[in-house]
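Here's the structure we're looking at; comments come further down.
Each residue takes its place number in the sequence, starting with 1.
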Amino acid sequence: GYRVSLQGNFFGHNHMYIAFPEYNPRKHIKLDPPLNIQSNVTASKCQIWWSVPWYLVEILQYELQYKEYSMSWEIALNKTLPSSLPQIEMEATELRSGIAYIARVRCKVSENEDSYHSQWSEWSQTTVFQRAGVPKLSEKILNTRTIQFFFIPLSFGTVLYLLWNCKLSQKASPALTFPRRLLSFSHSIICTMGILR
């Protein structure tokens with residue numbers, strides 16, 4: 001270790017004060033903040049990652065801070081990460097859909113590390129991310145493609161039903177009955193497909 005002292009001239013006299021009788025630089029480290037913070041959000045997960053020098057990866061711990069973009073950092077949420085890996089994965093349900101978020105991270109030597117001790121670094125640059133809006137249940141069920149997949153088999157089934165009925169019903173004028181039914185059904189199908197477009 002080292003002895004750190006301060007020397008000064010006060011009222012015409014030189015004085016020396018010992019500030020730290022046993023100073024060990026390894027116990028008083030302040031690291032640079034993490035670099036290249038990035039994010040990616042899927043329907044179920046939010047991933048945030050960053051870079052630190054490779055030789056420090058195993059001895060660092062991190063604190064993530066995030067908030068809604070329009071809010072103040074004073075009310076941001078903090079997460080101290082349990083792992084020394086320079087990344088975090090959060091459930092997308094922790095984020096409100098359609099709202100932009102901003103995050104930053106800082107680091108220090110892990111509490112489990114005996115050889116070194118440090119204070120928190122400054123905060124990193126920020127990354128902005130947003131959870132996509134989740135469609136309502138009715139929108140999921142009643143989208144155009146679902147309706148088309150529903151009506152096409154129904155249309156063929158109805159045509160087969162009409163054909164079968166016309167064969168079974170040997171009425172006075174079967175030649176006239178079937179075209180009328182088919183014409184009426186075709187008109188309803190055309191109208192329905194026109195609405196879907």
Under 4.5 Å between side-chain heavy atoms, hopping through other hydrophobics if needed: is there a path connecting [X] to [Y]?
X: Val57; Y: Trp120; answer: no
X: Tyr62; Y: Trp123; answer: no
X: Val41; Y: Trp50; answer: yes
X: Trp49; Y: Val105; answer: no

* Asked: Cluster partners of Met71, using ILVMFWY side-chain heavy atoms under 4.5 angstrom, listed by chain and number?
  ->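 Result for Met71 is Ile75.
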* **Side-chain cluster (under 4.5 Å, hydrophobic types only) that Tyr69 belongs to, other residues** =>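 When side chains under 4.5 Å apart are linked, the cluster holding Tyr69 also contains Trp73, Ile102, Val128.
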* To do: Could I get the full list of ring pair (Phe, Tyr, Trp, His ring centres under 6.0 Å) partners for Tyr66, not counting sequence neighbours?
  =>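 Tyr66 satisfies ring pair (Phe, Tyr, Trp, His ring centres under 6.0 Å) with no residue once adjacent residues are dropped.
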* Can you tell me if OH on Tyr116 sees more than 12 non-hydrogen neighbours from other groups inside 6.0 Å? ->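 Count not over threshold, so no.
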* Any chance CD of Gln125 has more than 12 other-residue heavy atoms, nucleotides or ligands included, within less than 6.0 Å? ->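 No - once you tally the heavy atoms of other residues, nucleotides and ligands closer than 6.0 Å, there are 12 at most.
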* Considering all heavy atoms, the nearest Ile37-Ala103 contact -> CD1-O, 4.0 Å
* Ser121 side-chain N/O to Cys107 backbone N/O, donor-acceptor pair under 3.5 Å -> yes
* Please confirm whether the backbone N or O of Val109 pairs with a side-chain atom of Ser118, one donor and one acceptor, at under 3.5 Å? => yes
* After noting the C-alpha distance and the side-chain angles of Trp54 and Leu56, does the key distance pass the side chain to side chain contact (heavy atoms under 4.5 Å, CB included) rule? -> CA-CA 5 Å; Trp54 63 268; Leu56 295 175; over 6 Å; no
* Asked: Atom CD1 of Ile48 and atom CZ of Arg104: how far apart are they, to the nearest 0.5 Å?
  ->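 CZ of Arg104 is found 13.0 Å from CD1 of Ile48.
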Output all residues satisfying side chain to side chain donor-acceptor pair (under 3.5 Å) with [X], sequence neighbours left out; order by chain, then residue number.
X: Glu91; result: Lys45
X: Ser39; result: Thr127
X: Gln119; result: none
X: Glu68; result: Arg96

* Structure fact -> With sequence neighbours left out, the residues meeting salt bridge (charged side-chain N to carboxylate O under 4.0 Å, His left out) with Glu113 are none
* Structure fact -> Residue pairs passing the salt bridge (Lys or Arg N to Asp or Glu O under 4.0 Å) test with at least one member in residues 51-62, sequence neighbours excluded, are none
* Taking side chain to side chain contact (heavy atoms under 4.5 Å, CB included) as the test, write out the residues that go with Glu111, two or more places apart. => Gln61, Lys108
* Structure fact -> Contacts of Asp32 meeting side chain to side chain contact (heavy atoms under 4.5 Å, CB included) (sequence neighbours excluded), chain-then-number -> none
Side chains of [X] and [Y]: closer than 4.5 Å at any heavy-atom pair?
X: Leu60; Y: Leu31; answer: yes
X: Lys30; Y: Glu122; answer: yes
X: Leu35; Y: Val52; answer: no
X: Arg106; Y: Pro33; answer: no

Tell me which donor-acceptor pairs under 3.5 Å the side chains of residues 77-84 have, and how far apart each pair is, sequence neighbours excluded?
from	atom 1	to	atom 2	distance (Å)
Asn78	OD1	Gln65	NE2	3.1
Asn78	ND2	Glu63	OE2	3.0
Lys79	NZ	Glu94	OE1	3.3
Ser83	OG	Leu85	N	3.0

* Determine, stepwise, if the pair Cys46 / Leu95 fulfils side chain to side chain contact (heavy atoms under 4.5 Å, CB included). => CA-CA 9 Å; Cys46 172; Leu95 310 171; 4.0 Å; yes
